[in-house]
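To find a chain, count down the sequence lines: A is the first, B the second, and so on, and within it residues start at 1.
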There are 2 protein chains.
Amino acid sequence: MDAQTGTSTHAQRALITLRQRILSGQLPGGTRLFEVALAEELAISRTPIRAALSQLAEETLLERAKGGGFVVRSFKLADVVDTIDLRGVLEGTAARYAAERGADAALLERAHVVLRGIDAVVSDQSIDMDAYSALNSEFHLLLAHMSGSDILQREIARVTALPFASPSAFLDDHTRIDTLQKTLGAAQDQHRAIIDAIEHRESGRAESLAREHARAARRNVEYLLSHEAALREGVASLALLSN
Amino acid sequence: MDAQTGTSTHAQRALITLRQRILSGQLPGGTRLFEVALAEELAISRTPIRAALSQLAEETLLERAKGGGFVVRSFKLADVVDTIDLRGVLEGTAARYAAERGADAALLERAHVVLRGIDAVVSDQSIDMDAYSALNSEFHLLLAHMSGSDILQREIARVTALPFASPSAFLDDHTRIDTLQKTLGAAQDQHRAIIDAIEHRESGRAESLAREHARAARRNVEYLLSHEAALREGVASLALLSN
DNA sequence: CCGGTGGCGCATGTATACATAAGATGGCCA
DNA sequence: TGGCCATCTTATGTATACATGCGCCACCGG
């Protein structure tokens, strides 16, 4: 019905609208969301609004307030760093499991295909960031899958859902091409090393490498944040930060 | 209003009732929950039922079905083991952070008090399991708190919410006193070692110890499951398992 | 001037009627 | 006899009216 969003129900559209507003910082952390106000603004009834709010709470973007109601979750700078580190810990565990238990051959093969794809993108003169982002995301997805643990995979997906903890966060903020190429090249080296460790069943090495790989993303954030407004401006992934 | 459950709203009561049914295995994994049926049975309208179902989805006990509706999440045996291991990984990270960043003095002091309390309970002739359970839970809560990371603390709380991943799961299934006392004594040694490592800022040791501590719980589960029906019967924490 | 108390208003809780879409079912036709 | 289509059932989606409960503010009494 709704060609714009591709969804049919009011609740779905409200969910998408509100999520976008939270992620963009338009609804800052700590903001309380009132059902009636939202219902009037979106021109629908309270019922689909409540459904949307519930789902946003599942995504951890909202928290239930005491005595009912929802409040936009607020993220401090330390939370961003901790979440990225947490992703490193979880992906490290995934890599370790893959090495210990043995990764599925088809997944490993696909990983090599993805790695070659990233090579092609990075070596190109003008880097296609969308293509890189897609391939990078798939690599991290494959890594989680290789763990062979549904529980772990699910948990990684949860943490990764936060925009600043996504493997492909902070990719669109590199102004100079040479710096970007160097950064992506280093990340790619780590990708290769992780797969190599998994294939050689070196679980400790695999875990350490995956952790360190996330650490690079953390360094990137810390660099962005140390330069305050100048760089932080226009970094979409950080729009929902509190301070 | 409701003296039994101590809650006031219909949604709260429905939440408690349904959660109990899922955890007890009365509603097996894969069961689809129909709003109308539940509403009639609990003699309330669909609205509070939907509220309760949403909250159960937040607790990961329910999953949203394609095309709407909710299904009871099903846990395989491997999921139990993986979740306990995941707790170990997360608590290991908490212990490492505490060692690296330095734990709050008040929390450390409280931890020592708890450890002395556990000593008293364990050395007693007939062990007061409720007292042990409460102290053990508090110890693990303190550990998460010592990490100094809200993100990590929250994630540990999420994982720990599952009954079989709780630090105090599988405590009421020990028939012989001597075995129990030995088990709890070993766990207590690990508790002490973890705190010692944190106090001496030995982060690697702290992380390893916390992981191994969870591993003990995992061994306990694997033992229970290897003896099938005989032991598994009557272990409340495992009631919601699929097979 | 201060403290308590009453009421009022707002936000969520609840019930219910109606809309809609997807799946089950039965019959009909090839 | 098998497959397809219409229809009907059923479950969720949505709107709306009413209930409830809590907090705030003002007013009154000391």
Show the nearest heavy-atom pair for residues B:Ala144 and B:Ser147, with the distance to one decimal. O-OG, 2.7 Å
Using a strict threshold of under 4.0 Å (side-chain N to carboxylate O), is an ion pair present between B:Arg21 and B:Glu41? yes
Donor + acceptor pair across side chains of A:Ser137, A:Ser168 (<3.5 Å): yes
Checking side-chain polar atoms at under 3.5 Å, does B:Glu91 have a donor or acceptor matched by the opposite partner on B:His140? yes
Spell out, as yes or no, whether a donor-acceptor pair under 3.5 Å connects the side chain of B:Arg218 to the backbone of B:Ile84. no
Could you walk me through whether A:Leu62 and A:Ile22 satisfy the side-chain contact (heavy atoms from CB on, under 4.5 Å) test, starting with their C-alpha distance in whole Å, then the side-chain angles of each, then the deciding distance to 0.1 Å, before giving a yes or no? CA-CA 9 Å; A:Leu62 294 183; A:Ile22 294 170; 3.8 Å; yes
Which part of the nucleic acid, if any, lies within contact of B:Lys66, taking any heavy atom under 4.0 Å across all strands shown: a base, the sugar-phosphate backbone alone, or nothing? sugar-phosphate
Do A:Asp82 and B:Tyr97 pair up side chain to side chain, a donor and an acceptor below 3.5 Å, judged on atom types alone? no
Expected string for nucleotides 11-18 of chain D under the B/S/- scheme (protein heavy atoms, under 4.0 Å, primed atoms plus P, OP1, OP2 as sugar-phosphate) is SBBBBBB-
Which residues in residues 53-65 of chain B have at least one heavy atom lying under 4.0 Å from any atom of DNA chain C? none
Would B:Thr160 and B:Arg87 count as having a side-chain donor-acceptor pair, cut-off 3.5 Å? no
